[in-house]
Amino acid sequence: MDLYSVCDWYDAAALLTDDERLVLGRLRDFLETTAKPLVGEYWERGEFPDEIARPLIGLDLMEPAEATANRTRPARGIYHGFRIFELARTDASIATFYTAQAGLFRTAIRVGASEEQKREWMPKVIDFTLKGVFSLTEPEHGSDIAGGLATTARRDGDAWVIDGAKRWIGGASTADVLAVFARDVADGQVKAFLVPRGAPGVTLTKIHRKTALRMMQNAHITLDGVRVTEADRLHNVNSFRDVAAMLRAMRSDVAWIATGIQAGAFEAALRYVTEREQFGRQLGGFQLVQEKLARMLGNLTSSLALVVRLTEQQEKGVYRDQDSALAKMQTSLLMRETVALAREVVGGNGITLDADVARFHADAEAVYSYEGTHEINALIVGRALTGQSAFTK
């Protein structure tokens, strides 16, 4: 499989096994033939198409038989990374939709559930028979969520009562359960609960008027006296430190998304400038256009090297806040420049969905901010470098 067409200067395909390339090729075929023709229309409508969601789940991508020795061992981290890359290379909302389950929710179960809970829930997470979303961010608390988390949980006999609100929760409207993080009023520590989406007291409202990730359905969630059993509490989440362990793993997924977005924008721009003529010649033949193409490819290749190395480290069991923060911070920063250059070389047509760079240009702004803003991730790296925390108390 020609993994990236003209942008494979990194020879990343060599990092994958034949079986992994086979699965990714199956995904590439689906994205090119089924998903890509639909994304412009649905992006403009602000809806996520079922004709993408259902067959995407049916592709068996999370732990595919071919890449797991017929499910006798887990898929490699590098495969998971390139799966995200392929999704984001087509559309950021599709990547966000899939990683909401395969990344965020799965990580919540993998890190937060007890062994008994994992035995029950994880197979259902992998085959999507239990669909869930990661519900941490709140209307008034995003970057300061560690100390500012305001949703509360109160023990009441064999159950818990949850009150509060969550915001920007992608995929909540089609989830079976919401992994809700709340502060225990008894000890002030953060706990996590699997809340059925249809439970009494749960209200979901779609967030409208977005200018990025328009296909992704983000929700504002209100929880008013919602009762959850102790069995549905994630038993290994007993402080925000446990939540931070999840974020440490999930930021690498977002770095892969930022890298994939760069590939999609770069390839769309390259395709345009080799077809479009101005002043009697192809745009791709002008020096200034070629300089911008070279910068885009440099950004993309640098980002790819960074996320591959991060994934290799995590595959060895090395998970450090500063590593995932640096990867998310830098790939997102380079992504922002890459999509801007892509829009620039396409000219006025770059603001239309037809030229296929406008989606990447707009969606990059959401990716730049979620899973930790540039500033927050920079402070995590700075703390590791200096031994001093510059976070505001």
Side-chain angles (χ1 to χ4, degrees), residues 10 12 15-16 20 24 27 61-63 67 74-89 92 94-112 125-126 133-134 136-137 143 145 170 179 241-264 299-336 338 363-364 366-381 383-384:
Y10 188 82
L15 300 170
L16 298 161
E20 289 166 343
L24 292 172
L27 172 59
L61 298 170
M62 205 181 305
E63 293 291 337
R76 297 194 307 152
I78 202 72
Y79 159 76
H80 288 300
F82 280 112
R83 180 195 63 211
I84 296 170
F85 179 95
E86 284 293 328
L87 293 166
R89 175 183 167 272
I94 296 177
T96 304
F97 165 83
Y98 197 87
T99 55
Q101 176 83 3
L104 278 73
F105 184 57
R106 186 183 185 186
T107 299
I109 302 301
R110 179 176 62 81
V111 176
V125 174
I126 291 172
V133 290
F134 193 87
L136 177 63
T137 303
S143 294
I145 195 69
R241 180 171 305 203
D242 301 318
V243 182
M246 300 177 189
L247 298 175
R248 192 177 303 131
M250 293 185 299
R251 282 196 182 103
S252 61
D253 289 351
V254 183
W256 276 100
I257 291 176
T259 305
I261 286 173
Q262 291 183 67
N299 288 346
L300 168 57
T301 305
S302 299
S303 296
L304 192 56
L306 186 55
V307 293
V308 165
R309 181 57 178 158
L310 174 65
T311 300
E312 289 173 342
Q313 287 294 94
Q314 292 182 341
E315 192 87 330
K316 297 175 183 176
V318 179
Y319 285 86
R320 302 192 306 174
D321 287 331
Q322 60 267 34
D323 295 340
S324 54
L326 179 64
K328 198 280 174 173
M329 179 196 80
Q330 189 65 10
T331 58
S332 296
L333 190 65
L334 295 176
M335 169 195 64
R336 218 179 191 191
T338 300
D363 289 343
V367 177
Y368 184 72
S369 294
Y370 72 45
E371 294 300 329
T373 63
H374 176 83
E375 291 79 8
I376 291 297
N377 283 308
L379 293 180
I380 293 172
V381 175
R383 181 177 60 194

A.B. asks: Would a 4.5 Å heavy-atom cut-off, applied to side chains only, mark E63 and P74 as touching?
C.D. replies: yes

A.B. asks: Considering only heavy atoms from C-beta outward, does the side chain of L326 approach that of M329 to under 4.5 Å?
C.D. replies: yes

A.B. asks: Parallel, tilted or perpendicular: which fits the ring planes of F85 and W256, with parallel below 30° and perpendicular above 60°?
C.D. replies: perpendicular

A.B. asks: For S302, enumerate each residue passing the side-chain contact (heavy atoms from CB on, under 4.5 Å) test, keeping only those at least two apart in sequence or located in another chain.
C.D. replies: L334

A.B. asks: May I ask you to test the V111-D242 pair for a side-chain heavy-atom distance under 4.5 Å?
C.D. replies: no

A.B. asks: Between R76 and E315, is there a side-chain N and carboxylate O pair less than 4.0 Å apart?
C.D. replies: no

A.B. asks: Identify whether the distance between the nearest side-chain nitrogen and carboxylate oxygen of E86 and R83 falls below 4.0 Å.
C.D. replies: no

A.B. asks: Tell me, which pairs form a salt bridge (charged side-chain N to carboxylate O under 4.0 Å, His left out) where one or both residues lie in residues 316-326, sequence neighbours left out?
C.D. replies: R248-D321, R320-D323

A.B. asks: If the test is side chain to side chain donor-acceptor pair (under 3.5 Å), which one of T259, N299, T331 qualifies with T338?
C.D. replies: N299

A.B. asks: Does the side chain of T99 come under 3.5 Å of the side chain of D253 through a donor N or O and an acceptor N or O?
C.D. replies: no

A.B. asks: Under 4.5 Å between any side-chain heavy atoms of M62 and Q101, yes or no?
C.D. replies: yes

A.B. asks: Taking K328 for its side chain and Y370 for its backbone only, find out whether a donor-acceptor pair lies under 3.5 Å.
C.D. replies: yes

A.B. asks: Before you tell me yes or no, could you show the steps for F134 and M250 under side-chain contact (heavy atoms from CB on, under 4.5 Å), namely the whole-Å CA-CA distance, both residues' side-chain angles and the distance that decides it to 0.1 Å?
C.D. replies: CA-CA 11 Å; F134 193 87; M250 293 185 299; 3.5 Å; yes

A.B. asks: Classify the side-chain pair Q314/S252 by whether it contains a donor and acceptor separated by less than 3.5 Å.
C.D. replies: yes

A.B. asks: Treating Q313 as the side-chain partner and V318 as the backbone partner, does any N or O pair qualify as donor plus acceptor under 3.5 Å?
C.D. replies: no

A.B. asks: Please name all residues satisfying ring-ring contact (aromatic ring centres under 6.0 Å, His included) with Y98, sequence neighbours left out, ordered by chain then number.
C.D. replies: F128

A.B. asks: Judged by atom type as modelled, is there a donor-acceptor pair below 3.5 Å linking the side chain of N377 to the main-chain atoms of G372?
C.D. replies: yes

